[in-house]
Every structure is written in C-alpha cells, then in structure tokens.
Amino acid sequence: MAEAILGSLDVIKKVRVSDDGISIAEEQLLKTRLPMEIDSGAAVENLATAEDWRKALSRVVPAVVVLRTTACRAFDTEPAGSGYATGFIVDKKRGIILTNRHVVKPGPIVAEAVFLNREEIPVHPLYRDPVHDFGFLHFDPGAVQFLEYEEIPFAPEAASVGLEIRVVGNDSGEKVSILSGTIARLDRDAPPYKRDGYNDFNTFYMQAASGTKGGSSGSPVIDCKGCAVALNAGSKTAGASAYFLPLERVVRALKFFQEDILESSLSKNSWQPVHIPRGTLQMTLMHKGFDETRRLGLKRETEQMVRQASPSTETGMLVVDSVVPGGPSHKLLEPGDVLVLVNGEVVTQFLRLEVLLDDNVGKHIDIELERGGATITVTLLIQDLHSITPNFFLEVSGGVVHPLSYQQARNFRFTCGLVYVADPGYMLSRAGVPKHAIIKKLAGEETSVLDDFIAVYSKLSRGARVPLEFLTYVDRHRSKSVLVTVDRHEWYAPPQLYVRDDSTGLWNVKPAISTTSAFSLSLFGSSNGEQQQLLSTYDNISTKEGSTVSVVNGVEKSCEGEATGSSGESVQASDAPIIESETKRRRVNNLLGGDGLANTDGTSDHFEHNIADNEVAEETVTIPASSASTAEHVIEPTLVMMEVHIPPSAMLDGVHAQHFFGTGVIVHHSQSLGLVAVDRNTVAISVSDVMLSFAAYPIEIPAEVVFLHPVHNFALVAYDPAALGSAGAAAVRAATLLSEPPLSRGDAVYLVGLNRSLQATSRKSVVTNPSVALNVGAADCPRYRAMNMEVIEVDTDFGHSFSGVLADELGRVQALWASFSTQWHFCAHLEHHWGEAGFYSFTNSFWIVH
C-alpha cells in the first residue's frame with residue numbers, strides 16, 4: 001500500500017496542469033494507481049496552487065460574518081446566555097446566512113452579524129432544523145452599504161477523503177481565522193456533545209484534523225474553488241479533530257426558501273412562513289459494520305443480498321440504537337434490530353432513509369428487519385418532526401416550562417410532550433425542583449401536558465402552598481414530592497405564554513391565565529390587601545409614653561429540681577432532648593385541648609390576658625427537672641427560625657446569596673401584629689420572601705420585612721398573629737428586653753438559640769468585654785456593612801452558624817447574638833465570612849417602641 005501511494009505521488013508530480021485541467025489519459029492513470037480508499041478527484045483538487053487558494057479566499061472571506069448571539073430564555077436544549085460564532089452568506093439577494101442550530105438556538109435570541117468591514121446589522125432566526133446541526137438567519141441586504149461580497153455556493157458532492165480544505169471563521173474569537181486540513185473520514189458517527197443537551201444523530205459527519213476551537217461553529221469548509229463542501233459543527237477539545245456536517249439536507253432546506261419566498265418580501269423583515277417537511281420514526285440508528293451485524297444475528301444470505309444491491313464501497317448496515325417511548329417505533333422496534341428493506345428498497349445509508357421519511361410525512365412505511373436471526377416486517381406511521389418540536393413556552397416566576405421536545409425525550413428516554421422544566425426560575429427552584437425535571441402532578445392533579453399545568457395553576461391564588469410531584473432523568477423510577485409556594489409578591493410578571501412567529505423570527509407574548517381566574521383575582525385580592533393591612537397596622541402602632549410594646553414574661557424566682565454542677569452551671573442530661581420534645585408536645589396539646597382540637601370560638605383566655613392593651617403581664621413558667629437552664633425554657637417560645645429567599649431579579653445592594661437561614665426573637669406579639677428582630681445577615685434586603693417557623697408551635701407562616709436599620713445590624717420582620725390560629729397565638733410570646741443595667745466584664749450570660757430541628761439549645765458563657773468597637777471592612781462591591789456599633793465579646797466561641805440571644809438566668813434578653821457578614825480576600829478568591837457578636841437589645845428597643 002505504501003509503494004502504491006508513493007507511486008501515485010510520483011504520477012501527480014508529472015501531471016501537466018493547464019487551464020483546461022489534466023488529460024483524460026492522465027486522469028485514468030491516476031484512478032488506477034491511487035488506493036481504493038482515496039478518491040482520485042481529491043488528489044486532483046490538491047494540485048491547487050497558492051494562487052488558487054488566494055483567489056478562492058478573497059471571494060469567501062467577505063461573505064463570512066461573526067455572529068454575536070444572546071439567548072434571552074432557556075429553552076429546550078439550550079440555556080440562557082450569550083456567545084459568539086460564525087456564519088456565511090448563502091443567498092445574497094434574500095439575505096440568508098447559514099450557521100449551526102446550536103448558534104441559531106431553538107428559543108428566543110437577539111443576534112447581530114458583524115461583517116468584515118465591521119458593519120453590524122441585526123439578524124433574525126429564519127429556520128433551525130429539529131435534528132441536524134444547521135439553521136438559517138435572515139438579514140436585510142440593503143443594510144450592508146459599504147462592503148462588496150458574494151454568496152458562497154454549495155458543492156456537497158465535492159467532499160471526499162483526501163480533499164484539501166480550508167475552514168474560514170471566527171475561531172477563538174479572532175474574527176477571521178483560516179485553518180487548513182484534509183478530510184480524513186466521511187462516515188464518522190455524529191459527535192456526542194452533552195448528555196442533557198443538543199446532540200445530532202441519524203447522520204454521518206466528516207472529520208479532519210483542522211484544529212478548530214470555540215467561535216468557529218458555523219464556519220464554511222471550502223475547497224480550492226471557493227465552494228462550501230461542509231459546515232463546521234464541533235471539535236474535540238483534547239485534540240485537533242474537527243467535525244463537519246454534510247450539506248445535502250442543507251441544500252434541500254435552502255431550496256424551499258428560495259422557491260417559496262420572494263426576494264422583496266424578505267427585505268422587509270417579514271416573510272411568508274415556509275414549511276420544510278421533516279419526518280421521523282422517533283428512533284436513533286447507528287451504522288455498524290458487517291462483522292458487527294453478523295454478531296447481531298444477520299443471516300449470511302441477507303448480507304450477500306445487501307452487498308449486491310449496494311455500492312462496492314458499502315461496509316455496513318443501519319442498526320437500531322434506541323427508541324423513544326410513545327413514538328411510532330415504540331414496542332415495534334428494539335435496539336439491535338438490523339434494517340434490511342424500507343418500502344422494498346435496500347437502505348444502508350442515513351441520507352437515503354431520511355429522504356424516504358421526509359418525502360412521506362403522515363404516510364405509512366414498511367420496514368423489513370432482522371432481529372436475532374429472525375426476519376420481521378413492521379408498518380410504521382411517519383410522524384411530523386415539527387409536531388414534537390415545541391415552538392412555545394410558559395414563563396412563570398422567572399422559570400421556563402414547555403412540552404418535552406424530541407431532542408430531550410431522546411436524551412432522557414421520556415415520552416414527547418410531557419411538562420418539562422427548562423429553567424426552574426424562582427418559584428420552582430425555591431421548592432427544590434431542578435432543571436430538566438418532568439412535572440407529573442400539581443396540587444394533586446395530573447399534568448400530562450402543558451395545558452393541564454396552566455389549568456391547575458390558574459386555580460391557585462398567590463401565597464398558596466401546594467404539593468408538586470416530579471421526575472428526573474437521573475432517578476427516573478422514583479417520583480419526588482415538594483411543596484411549592486405560589487409567589488405572594490409581584491417580583492415577576494404573571495404567567496405568560498411565548499409563541500414563536502415564523503414570519504418574523506420573533507416570539508409573541510400573551511397572558512397564559514385569564515383575568516377571571518383565581519390567580520389573576522388574587523393579584524388584587526386578599527394577599528395584597530392583607531399585606532397592606534399588616535404594614536398599615538405596623539405604621540399606626542401607638543403606645544403610652546414610657547411603656548414598652550413587647551410583653552414582659554416574668555419567671556418564677558425559685559427553680560426547683562434544676563440539676564446543677566459544682567460550678568453552678570446547668571447540666572443537661574443525656575435524655576434531655578427527648579424530655580424537651582415531650583414537654584413541647586404536652587404544651588401544644590394543652591393549648592389545643594384534651595382532644596387535640598383548638599377552641600372553636602377562635603379565642604384564647606391565656607392569649608388575651610398576655611396581650612390585652614399591651615400591658616405588662618407575668619406568667620408562671622414551670623421548668624422541668626432535666627432542663628439545661630431556666631433561660632432556655634423561658635426564651636424558647638419567643639424564638640423563630642427564619643428562612644429567607646431572595647428572587648434572582650432582586651439581587652441588589654451586593655447581596656451575595658439567594659437563600660439565608662437565621663434565628664430571630666419575637667419582640668412584640670399582639671392580636672393585630674407580631675414583630676421579630678433578626679440580624680441583617682439573615683434579612684439582607686426588603687425584597688425578600690420570609691417564612692417563619694416557631695419553636696413554640698409547629699407552624700410555618702409568611703412574614704414581611706418592615707424595617708432595615710441603615711447602620712446597625714438588625715431588621716424587623718412583621719407577621720400576622722391570626723395566621724397562627726388561637727392555639728398558636730397562645731403558645732407564642734414576646735421576649736422581655738432587659739436594657740438596664742448594661743452588661744459588665746465578668747457577667748454570666750446564657751446564649752439561647754435554635755437548631756435546624758427547631759430545638760432550643762443554650763450555652764453558658766462569661767462576658768469578657770462589654771463594649772468592643774466593631775470594624776467591618778468594605779467589600780469590593782457596594783453592600784451593607786454594620787458601622788458605628790459596640791458589640792459584646794464572650795469567652796466561648798460558639799461558631800458562625802449559631803445565633804440567638806444573650807439572656808440572664810431568668811430568661812430576660814440582654815443582647816442579640818447576631819451574625820455579621822464581611823468579605824475576605826484569600827488566594828485571589830473572594831470568600832464571604834460570617835462573624836458572630838452580641839449587641840445590646842436596647843439598640844433596637846427604641847425602634848420597636850416608635
């Protein structure tokens with residue numbers, strides 16, 4: 001073989017090149033001397049001189065454009081984001097640019113083309129193929145005023161092994177790069193890109209070692225005549241291999257536009273939509289060699305018949321690799337089936353099969369195959385590929401939901417058309433619904449299609465908490481259930497439906513829910529009304545001069561049965577958590593009544609006694625014998641666990657995260673209003689969704705941020721006591737704020753807080769410095785930082801995850817143990833650090849009173 005190649009090269013050197021080409025005799029000699037695997041035509045093309053390439057490139061380069069694209073929404077296989085790529089003009093009069101599908105993207109985009117002379121003009125999507133990696137963009141030819149260019153003609157038949165090519169494009173963002181290579185393969189499998197993203201299939205790719213990288217997607221692969229023989233699509237990151245898409249189906253699609261669209265109509269940025277027939281059986285095929293098909297059970301006589309009916313260069317047959325559930329091939333075809341005849345014709349190539357499918361959409365097709373040595377004939381209905389490729393989506397709370405496309409159904413092995421989460425957005429991500437999830441139920445109702453999801457969602461009101469059931473492709477056999485909270489605030493627009501308009505390339509938007517639905521009525525109904533009433537109540541609080549708003553809960557001086565050690569510190573028994581939970585359960589049962597039901601009249605004598613006219617009252621608290629401290633049991637009913645979510649659209653003022661946890665203390669509790677004090681590392685900004693979980697009563701209710709101190713590290717959050725019910729309102733109480741006397745060095749204090757299980761924990765410590773000047777360094781971006789504060793230091797390091805209050809042994813709050821956020825620079829990376837310190841409760845008592 002090596003001698004044959006060297007002999008061929010000697011012949012090539014002796015060939016006389018003229019304007020008319022080489023003589024017939026010399027060409028025949030080349031064909032007889034070249035190896036069978038290499039087409040002699042490719043060798044002839046490689047005789048092109050540097051001048052030939054210069055002339056070809058001078059025509060090609062002005063027709064190549066840099067594409068800057070921004071995907072406005074996540075959709076189907078593509079996330080939201082921006083990038084750059086390459087395209088080239090294939091129809092100058094109509095203004096059509098060819099590029100890759102993953103550049104055009106299936107969803108809404110904003111794109112512009114930058115020409116060689118730096119003219120920038122907007123482009124709009126014209127077409128994107130549902131399967132193969134090509135698409136068309138449209139531009140106004142009249143907008144290009146200062147550049148002379150020509151369209152690049154197609155020559156897919158010129159592609160052959162050994163053909164010398166050039167790849168012209170925006171490789172690595174260099175605007176114009178010209179990479180050389182030689183086509184090495186014409187029958188490479190389509191390269192797999194992503195497990196959960198776009199992948200081409202059911203086609204061959206070409207391969208060459210041209211070393212293309214990012215930005216060259218959509219570049220023309222040209223020969224020495226300046227004709228495009230393929231479309232650059234991808235490359236191997238760890239090598240020089242590049243992969244090119246054949247142009248046969250691209251030429252077919254372009255002809256539909258050239259035949260059905262007038263030149264004048266495209267120049268107006270509006271055209272008559274063109275339907276390009278595309279058929280599918282919802283199956284993935286692989287081309288396997290004859291040796292592999294024999295192992296799959298192919299009969300010898302069948303192989304002999306296929307070889308005789310196929311070209312001598314044929315090396316294999318098409319084999320079923322996978323079938324999409326619910327498709328035309330489901331339960332009729334199986335992986336490993338070898339295709340023999342399609343409508344009585346031997347088909348061994350992807351291109352011929354695709355021609356048969358595209359030309360017979362909506363019709364039945366007969367397929368003869370062999371499965372394990374047995375001959376089977378099936379009749380399948382060719383489905384319209386566009387019918388299982390979504391062209392609309394629902395935007396709800398910043399998330400994108402649409403029917404599951406054929407691309408993702410093939411990746412995930414799900415049925416097409418299911419409710420698919422392309423982007424969870426705020427509401428779904430807050431509930432723990434991941435990207436690529438399949439929603440099965442909402443509020444207990446089946447949601448098999450998107451219309452079902454919209455119908456169920458329209459029945460919900462703002463602030464409603466309903467169950468949602470979903471599946472993921474990584475754990476497809478187990479459904480997961482979460483609680484979804486419908487947005488109480490108008491952080492995002494009401495649900496909207498976006499539909500693609502193929503006559504303009506734009507996406508039209510319309511409301512997804514009617515104005516008479518429960519969701520639409522709740523926009524101006526009880527949720528907003530209750531919120532305004534709550535804020536109005538907070539604004540109109542009035543108290544007598546010299547009185548405190550918070551309820552003072554007295555405690556019994558003598559605490560019998562408390563176990564103490566030799567140092568006087570409280571000692572917690574090993575079974576204290578069990579006893580503590582039993583004590584809390586008994587307290588709740590007592591509030592609910594002996595039968596476990598709350599009072600039907602909606603009142604509670606105990607609750608009324610404590611909050612009537614905001615007067616100071618005292619209550620006797622019984623401390624169990626196994627209690628860790630009196631302070632812990634007195635403070636526990638005043639503590640809440642606060643969960644804060646910040647919508648991505650409101651990430652303002654340098655907020656470094658979207659989700660926060662922290663412990664707050666109730667400082668006011670009445671029939672009309674409850675107030676919780678918390679640090680500003682838990683409630684960073686007012687645009688937040690706050691949920692309160694009470695240590696004294698098993699309930700979770702929403703709250704509103706009503707005050708953020710501009711300098712000091714605390715905030716006030718208001719809640720509606722009516723949401724607790726009579727039993728919950730009676731169990732919850734406000735803390736006693738002890739502002740005098742101030743703490744001194746050596747004073748014993750109890751740090752009381754909550755863990756994630758809403759169990760109160762306490763630790764005893766000693767004040768080492770009651771007035772330390774706080775110094776929080778400035779961050780890189782403008783953000784809140786505590787200033788002009790004196791904080792309290794204690795002799796025990798409680799860790800940055802523990803927050804609560806500092807109280808005396810009787811449970812009176814002397815200071816808040818808060819979290820302070822700052823930013824550290826460590827090894828050129830930014831780290832957010834949380835420090836803990838206490839500050840006096842009278843710092844915020846003034847704001848509570850006034």
Supply the atom-to-atom distance [X] [atom1] to [Y] [atom2], rounded to the nearest 0.5 angstrom.
X      : Y      : atom1 : atom2 : value
Ile89  : Phe139 : CD1   : CZ    : 4.0 Å
Asp502 : Tyr127 : CG    : OH    : 10.5 Å
Cys416 : Gln383 : SG    : CD    : 7.0 Å
Glu345 : Leu353 : CD    : CG    : 10.0 Å
Ser310 : Met317 : OG    : CE    : 7.5 Å
Thr203 : Leu351 : OG1   : CG    : 7.5 Å

Decide whether [X] and [Y] meet the rule of one side-chain donor and one side-chain acceptor closer than 3.5 Å.
X      : Y      : value
Ser216 : Asn232 : yes
Asn117 : Glu119 : yes
Arg410 : Thr284 : yes
Glu164 : Ser180 : no
Ser217 : His102 : yes
Gln282 : Ser329 : no

Determine whether Tyr406 and Tyr198 satisfy the following criterion, ring pair (Phe, Tyr, Trp, His ring centres under 6.0 Å), listing intermediate values before the conclusion. CA-CA 10 Å; Tyr406 176 41; Tyr198 171 74; over 10 Å; no

Note, Asp321 side chain near Pro335 side chain (heavy atom, < 4.5 Å): no

List the atom of [X], the atom of [Y], and the distance in Å for their closest heavy-atom pair.
X      : Y      : value
Tyr149 : Pro62  : CB-O, 3.8 Å
Ala158 : Leu163 : O-CD2, 3.4 Å
Ala155 : Cys227 : CB-CB, 3.6 Å
Ala242 : Thr212 : CB-OG1, 3.3 Å
Val324 : Ala409 : CG1-CB, 4.0 Å
Gly362 : Leu381 : O-CD1, 3.5 Å

Measure up the [X] and [Y] rings against each other and bin them: parallel (under 30°), tilted (30 to 60°), perpendicular (over 60°).
X      : Y      : value
Phe136 : Phe134 : perpendicular
Phe75  : His402 : tilted
His287 : Phe350 : tilted

Cation-pi geometry met for [X] and [Y] (6.0 Å, 45°):
X      : Y      : value
Arg188 : Tyr243 : yes
Arg307 : Phe290 : yes
Arg73  : Tyr498 : yes

Given Ile222, which of Val167, Ile178, Ile165, Val168 fulfils the side chain to side chain contact (heavy atoms under 4.5 Å, CB included) condition? Val168

Can a salt bridge be assigned to the pair [X] and [Y] using a cut-off of 4.0 Å between side-chain N and carboxylate O?
X      : Y      : answer
Glu151 : Lys93  : no
Asp187 : Arg185 : yes
Glu150 : Arg59  : no
Arg54  : Asp52  : no
Asp384 : Arg278 : no
Arg101 : Asp76  : yes

Determine whether a donor-acceptor pair (N or O, by modelled atom type, separation under 3.5 Å) exists between the side chain of [X] and the backbone of [Y].
X      : Y      : value
Asn100 : Val103 : no
His386 : Ile276 : yes
Asp91  : Gly95  : no
Gln408 : Asp196 : yes
Lys105 : Thr70  : no
Asn360 : Lys363 : no

Whether over 12 other heavy atoms sit under 6.0 Å from [X] [atom1]:
X      : atom1 : value
Glu148 : CD    : no
Lys213 : NZ    : yes
Glu314 : CD    : yes

Do you know which of Asp358, Asp200, Asp133 makes salt bridge (charged side-chain N to carboxylate O under 4.0 Å, His left out) with Arg249? Asp358

Please confirm whether the ring centroid of Phe392 lies under 6.0 Å from the ring centroid of Trp507. no

Worked verdict on Ile96 versus Leu254 for side chain to side chain contact (heavy atoms under 4.5 Å, CB included): CA-CA 9 Å; Ile96 300 178; Leu254 181 61; 4.0 Å; yes

Before giving the answer on side chain to side chain contact (heavy atoms under 4.5 Å, CB included), spell out for Leu116 and Val176 the whole-Å C-alpha distance, their side-chain angles and the decisive distance to 0.1 Å. CA-CA 8 Å; Leu116 182 65; Val176 177; 3.9 Å; yes

